[in-house]
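Remember, it's a predicted structure, so these values are computed and weren't measured experimentally. Quick note: numbers below take in every heavy atom, side chains included, and nothing from hydrogens, waters or symmetry partners.
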Amino acid sequence: MAENPYAAPRAHVEDAGTELQGEFVAEGRSLPAGRGWTWIAEGFSLFRRQPFAWILITVVFLVIAILVEVVPGVGHFAMLVLTPVFTGGIMLGCRQLDDGSEIGVGALFAGFSTNGGRLALLGVSSLLALLAIGLATGLVLGIGGALIGFGRHVNSIGPSILLLAILVVLALSLPVYMALWFAPALIVLNDLSLGDALTASFKGCLRN
């Protein structure tokens, strides 16, 4: 039988000696671009097993997000901290379905009882990273504003400063999101520490 070119590789010479937990490879694996479509198809197959449960979970999450976000002053920051906890619960729900079990809306809250502290710390880390990016961007814009205030070449300096600010945001945001992308799943499904999850997520993104 011909081998499926989009299947996850069973063995790699470059992965020899890497610690494995099930199919987890701590250093990440390089996969073909076509594997992305396979992941989408597999995700949709999980949705089709219990579509109404997933719709209910989505609605409940949106309601919670709206209620938290409207809290004056702290709502937006609180939601940034809580999002990885909810994401971890959703990952646990996906694993339940993949194992043949059924899920309910309670899956959304499973992250609070499974490594909830680490997931919340992940949220705090993402909040601090975003604040740092915001400060760096504000510093660039502030310096640009000062240059415009003391100079006469507003038309030439203004667009350049705006472009520089956009580049700063992109340069700082990309590694942050690479580290955050897989971290909730790695924490709840592979029981990794916060630091190990961030590192493994970054390496996995970097290799692909």
V70 with L80, same ILVMFWY side-chain cluster at under 4.5 Å: no
Side-chain donor/acceptor of S30 to backbone N/O of N208, under 3.5 Å: no
Student check: side-chain heavy atoms of T83 and F86 closer than 4.5 Å: no
Straight-line distance of L62 CG to I57 CD1, nearest 0.5 Å: 12.0 Å
Hydrophobic cluster identity match, L46 and L92, side-chain contacts under 4.5 Å: yes
Separation of L139 CG from L135 CG (nearest 0.5 Å): 8.5 Å
Reported CG-to-CG distance for the pair L127 and L122, which is rounded to 0.5 angstrom: 11.5 Å
Cluster link W37 to W181, ILVMFWY, side chain under 4.5 Å: no
Common cluster, F47/L56, ILVMFWY with side-chain heavy-atom separation under 4.5 Å: yes
Transitive ILVMFWY side-chain link V85 to V63, under 4.5 Å: yes
Main-chain N/O of D196 paired to T199 side chain as donor or acceptor, under 3.5 Å: no
OG1-CD1 distance between T114 and I187, expressed to the nearest 0.5 angstrom: 12.0 Å
S201 side chain vs L198 backbone, donor-acceptor pair below 3.5 Å: no
Atom pair CZ (F77) and CG (L130), whose distance is rounded to the nearest 0.5 Å: 10.0 Å
T87 side chain reached by F61 side chain, heavy atoms, under 4.5 Å: no
Min side-chain heavy-atom separation L119-P184 under 4.5 Å: yes
Electrostatic pair D191:R118 at N-O distance under 4.0 angstrom: yes
Aromatic ring proximity, centroids under 6.0 angstrom, F182 and F202: no
Residues, nucleotides or ligands: over 12 heavy atoms within 6.0 Å of E69 CD: yes
K203 NZ to L206 CG distance, which is reported to the nearest 0.5 Å: 10.0 Å
Donor-acceptor pair, side chain of S125 and main chain of L121, under 3.5 angstrom: yes
